[in-house]
Protein chains: 2
Amino acid sequence: MKEHVEVTIYDIAEKLNLATSTISRALKDHHSISKKTIEKVKKTAKEMGYRPNNLAASLRSKKTKTIGVLLPTITQPFLSSLISGIEIASQKAGYNVIIMQSHDSYEEEVNLTQSLYNNRVSGVICSLAMQTQNTDHFQVFMDNNTPLVFVDRVPKHFSTFRVVIDNFAAGYKATNHLISQGCKRIAHLTVGSEFSIYHERKMGYLAALKDAGLTFEDELLVRLKEVTYEEAEKAANKLLDLKNPPDGVFTPGDILGVSVIQCAKKRGVKVPNALAVIGFNNDPISNIIDPNLSTITHPAEKMGKASAEIILKSLKSSKKDEVKEITFLNTEVLVRESSLR
Amino acid sequence: MKEHVEVTIYDIAEKLNLATSTISRALKDHHSISKKTIEKVKKTAKEMGYRPNNLAASLRSKKTKTIGVLLPTITQPFLSSLISGIEIASQKAGYNVIIMQSHDSYEEEVNLTQSLYNNRVSGVICSLAMQTQNTDHFQVFMDNNTPLVFVDRVPKHFSTFRVVIDNFAAGYKATNHLISQGCKRIAHLTVGSEFSIYHERKMGYLAALKDAGLTFEDELLVRLKEVTYEEAEKAANKLLDLKNPPDGVFTPGDILGVSVIQCAKKRGVKVPNALAVIGFNNDPISNIIDPNLSTITHPAEKMGKASAEIILKSLKSSKKDEVKEITFLNTEVLVRESSLR
DNA sequence: TTGTACGCGTTATCAA
DNA sequence: TTGATAACGCGTACAA
């Protein structure tokens, strides 16, 4: 029977007749320790089966080398790619990533925020829950100089780092593309509150209409309860049932765009000629639906990488009086079959 | 300027003229502490802005309440759903999840395993890297009674918990379904080593052919370098170029199945009548491709949940002499348009 | 019901 | 270049 005992630097020190401080330093290649000692220590550490205990080190040094990530969910392609980007950049720097899902619930978000703090994460990356209006629960990180980065779904009035795309510009571009394809009656689906990214995309849509001299028609703007195929199908049916149906649709997500195409196909409405469609995100499904869905690229992995790097950089710097700048990443119109006519 | 100082149980103790042990207990609703004291302690803790330090608690108690998750990648729909399941079950039990990607590299997997151990995670859930043949790097968890669960891609010869589907049976079912639809020449794409799940699916395919009295033809089995659209398209072209092309294809992944359908469509080969196709996983894209791809359901979230629950249960039990059982989850044939004729 | 006192494994400070 | 020793913040026997 293998009675396991934890080998500590103390055990190594005893065996080698050295001080624990020497062992600690030797294991980290501290310059003040002779090469000979370093080698000797590392060798016996290995022999004895020594395993560093990050908990003890973190407690003492007050540095956990862990980045907390708090997202609405992780199964959306955009968000899993975002995590991937965060994880890759963190791993490269020797940082771990601890992940939590708010499931778009404000309450869960508040609780998880506490939990992240209790774990004394070195930094936090967060995309806000749909429900969240108030961001006081993040104040604790500010108070402790824990770098905090909001990504994609960011608060309006809270001075922190932010990594975003220009949702207004993207909405404008998407709508403008439809206009350039000759669409005159462009519909839009929207969702969420006036603080959401969807609101900004909608504002872009409205601005593009205006700039093109197209009058906005209320019946062409449909508000959804949530981002699902079902909700989008309902909306599409409603739009196509209009006396004067739209000849183009900009949906602020690919699930919605795909659903609109499917609905149009079912009803015999030709895409793109009778109805041009453009989505958002460049999810895998957008490239599978027939006809392929035009979309707006959303650089998920890059945004994750950028967020992590901001944290890492901030940890290296003096931490005080930092400028909490906003990082904008590019989006592009990806023209595919569903809008090309 | 807000000079931040950490409020500890010691500070609370001083303020209330109580012992730290009393504070510690009161904050955890220990039964030996009077209600009055508990209330008083909690109140002043809040007032003083006390925040528990999980690091210190973990160091002391040797319990981190953290589950380490080590996966090849997290962007595949199956794996992100798996994580979601793990995260939901863990969160419910007050456990955190720390996530790492091996990117299918054996070397990275070894390193990350060390890192997980150094963080003294309470349990580990792992799906092996494609490259991994040897699992000695997990021995450290065995030696320390850290519950270890392999999920989906599990090692053949290593006595731990395993949460899997029956890949052989699933491959058999998929192939058999095609046979039931009248297919006589069924092709199969495969990938990876003889230790992979793909190998088992292939064995199921072969067994189904045999049981149906269909002779296996070598030219109908195509080996891919990796699971990508491009590789599958190459394979599909090769198959359709045959003098005697197949009338059915079983692909052990939906990306492959979708790609085969796309290739067939391009070439004017009718799916399902000229070529029936069935995939694997029930990824979102399988339900978007036209015609819809029949597939094998793969209960990702359930598997994640089951894995986490095994860890949690194991942590509660005596930890010694446990039976390291294998948990099999169900798969089903999901018949859609691509194979129905 | 509450208090005393020590240890978890490491790092940091100061001294040698 | 190395050593002695005190923290880091909390939990837990054991005592009161």
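Numbers restart at 1 for each chain; the letters A, B, ... are given by sequence-line order, proteins then strands. A quick note: this is a predicted structure, and the numbers were derived from the prediction, not measured.
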Taking atom C1' of C:dT2 as reference, at what distance in whole Å does atom NE2 of B:His31 sit?
13 Å

Grab the two heavy atoms, one from [X] and one from [Y], that are nearest each other, plus how far apart they are.
X: B:Pro72; Y: B:Leu79; answer: CD-CD1, 4.2 Å
X: B:Asp136; Y: B:Asn134; answer: N-OD1, 2.7 Å
X: B:Glu108; Y: B:Ser105; answer: N-OG, 3.0 Å
X: A:Ile38; Y: A:Ala26; answer: CG2-O, 3.8 Å

Would you say C:dT2 has OP1 or OP2 under 4.0 Å from some side-chain N or O of B:Ser32?
no

Any chance you could list the contact pattern along nucleotides 9-16 of chain C? Use B for base contacts, S for sugar-phosphate-only contacts and - for none, protein heavy atoms under 4.0 Å, 5' to 3'.
BBBBBB--

Quickly, which of A:Phe158, A:Tyr106, A:Tyr117 forms a ring-ring contact (aromatic ring centres under 6.0 Å, His included) with A:His137? Name it, please.
A:Tyr106

Salt bridge or not between A:Lys305 and A:Glu309? Use side-chain N to carboxylate O under 4.0 Å.
yes

Can you confirm whether B:Val97 sits close enough to B:Thr66 that some side-chain heavy atom of one is under 4.5 Å from a side-chain heavy atom of the other?
no

Quiz item: cation-pi between B:Lys324 and B:Phe161, 6.0 Å / 45°:
yes

With heavy atoms of chain A within less than 4.0 Å as the criterion, where does contact along DNA chain D begin and end?
D:dT1 to D:dG9

Counting any heavy atom closer than 4.0 Å, what does A:Asn17 reach on the DNA or RNA strands: base, sugar-phosphate only, or nothing?
sugar-phosphate

